[in-house]
Number of protein chains: 2
Amino acid sequence: MKHSLVRQHIIETASDLFYQKGYNRTGINEIIKEAGIAKATLYNHFASKEDICLAYLRFRNDLFTKNIRTFVGNAKKGKDQLYALFHFLIEFFAEKDFNGCWCVNTIAEIPRENEKIRKEIQKQKEEFIEFIKELVEKNCSQNTTSENEILAKKVYLIYESSISESKLHQNQWPIATGLSLCKSILN
Amino acid sequence: MKHSLVRQHIIETASDLFYQKGYNRTGINEIIKEAGIAKATLYNHFASKEDICLAYLRFRNDLFTKNIRTFVGNAKKGKDQLYALFHFLIEFFAEKDFNGCWCVNTIAEIPRENEKIRKEIQKQKEEFIEFIKELVEKNCSQNTTSENEILAKKVYLIYESSISESKLHQNQWPIATGLSLCKSILN
DNA sequence: AAAATTGAACAGACAAGTCTGTCTTTAATT
DNA sequence: AATTAAAGACAGACTTGTCTGTTCAATTTT
């Protein structure tokens, strides 16, 4: 297998395990066993478990970003594009391996002083807010940039809550309620 | 030290550590060292680490429930009592050891199949929704019970988001935005 | 020929939980 | 009041097993 493919294979294997079991409860030995590679090979590609964690976060985020942009892009222009965020979430929730937000899960597991991982997570969330802001501007722009920013942050808060709470309660009512809440503020 | 006092001392010590460092990253040895007790003493009071985790969740929840009820009770009657939830959060956020919601943090750390802990967390959250519902009924009741229920869940979602996201971004903007969002739906 | 991968052994820290035997405090009995 | 008994707390060694990360000689791939 080509060098870069091995690397990608490790990332995808570790991503599944980290997302399903959590970061701390997934051991390096489990990753290499599942990936079918030697430990030395893994450490030839990554300097540490933490580096695999970063790759995991980026991999999931890239996939998520791609998918949600496509999904939202297929929705009717106008407020529906914002509502589509929640319809996307309903599909995500229905997947059998749904386990909430990887960022929130990971940040609960790492030491507070781990800036590297925390900064990565914060960056991803800021990008997501930026994406929502673009949707707001395109589909239901307010008077000022600042108002758009605030509205985007509100939608973001609702979205985050929907994903976290649907995981916690193991029920999709938080997504439906989130959508309803979102609709009520887009007037 | 009296039996029940030792038990309480263990719970409080473990609670601090679990909340600050996380459940998996806190070892039994650290708990006994910090509490200044013998390991056999700890296992004389608790059958397992998991049992200490349950006690931790209940301890934090009891304290939280007591404090937020007092705080909200001191607010002016009417919608202010709902807004007080967020003012309470601002004070909570300002504490130097603020680390988000213990339920959300813990649920990210335990195996999915751990029903005991998951059920406890779900129960706590349901009780919290019930509390918000009572506030809604008393202070800005809608036409029907069902509408009160829905409104309570919306406020709950906003609250949860505010606490989680203020931790993630290490900034209080999510609480301010959450309050603003809350105000906009209470009309 | 150079680079990558392999398995396996290894180090050393740390995990949860058990166990032995001693000390101290309190309460019941004589 | 003196003796005895029981309970709980004590230290800490110990078991069993996991963890991340390293090293190395042999083999395979490019």
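Chain A is the first sequence line, chain B the second, and so forth, proteins listed ahead of strands; every chain is numbered from 1.
The phosphate of D/dG8 has neither OP1 nor OP2 within less than 4.0 Å of any side-chain N or O from B/H45.
In this structure, the nucleotide among D/dC10, D/dA9, D/dT20 sitting nearest to the side chain of B/I37 is D/dC10. Side-chain atoms of A/T41 lie closest to C/dT6 of the nucleotides D/dC10, C/dT6, C/dA16. In the set C/dT20, C/dG17, D/dG21, the nucleotide with an atom closest to the side chain of B/S48 is C/dG17. Distances were taken from every side-chain heavy atom of A/A38 (C-beta onward) to each of C/dG7, C/dA16, D/dT20; the shortest belongs to C/dG7. Picking from D/dG12, C/dT5, D/dG21 the nucleotide with the shortest atom distance to the side chain of A/V6 gives C/dT5.
Atom P of nucleotide C/dC23 and atom CG of B/N44 are separated by 19 Å, given to the nearest angstrom. As a whole-Å value, the separation of B/I32 CD1 from C/dC14 P is 14 Å. Across the protein-nucleic acid pair, B/N29 atom CG and D/dC14 atom C1' stand 12 Å apart, rounded to whole Å. Nucleotide D/dT22 holds its P atom 11 Å from the CD1 atom of A/I28, rounded to whole Å. Across the protein-nucleic acid pair, B/K33 atom NZ and D/dG12 atom C1' stand 15 Å apart, rounded to whole Å. Separating the CD1 atom of B/I52 from the P atom of C/dA16 is a distance of 9 Å, rounded to the nearest angstrom. In this structure, A/I31 places its CD1 atom 13 Å from C1' of D/dG21, rounding to the nearest Å. In this structure, A/Y43 places its OH atom 6 Å from P of D/dT20, rounding to the nearest Å.
Electrostatic pairing of A/E160 and A/K125 counts as a salt bridge here, judged by a charged N lying under 4.0 Å from a carboxylate O.
With no hydrogens or angles considered, no side-chain donor-acceptor pair links A/Q122 and A/E126 at under 3.5 Å.
Note that A/K183 lies in the cation-pi zone of A/Y83, set by a 6.0 Å cut-off to the ring centre and a 45° limit from the axis.
Rounding to the nearest 0.5 Å places CD1 of A/I32 at 10.5 Å from CD of A/E30.
A donor-acceptor contact under 3.5 angstrom links the side-chain atoms of B/K39 to the base of C/dG17.
Between B/Y56 and B/Y23, a ring centre-to-centre spacing not shorter than 6.0 Å is recorded.
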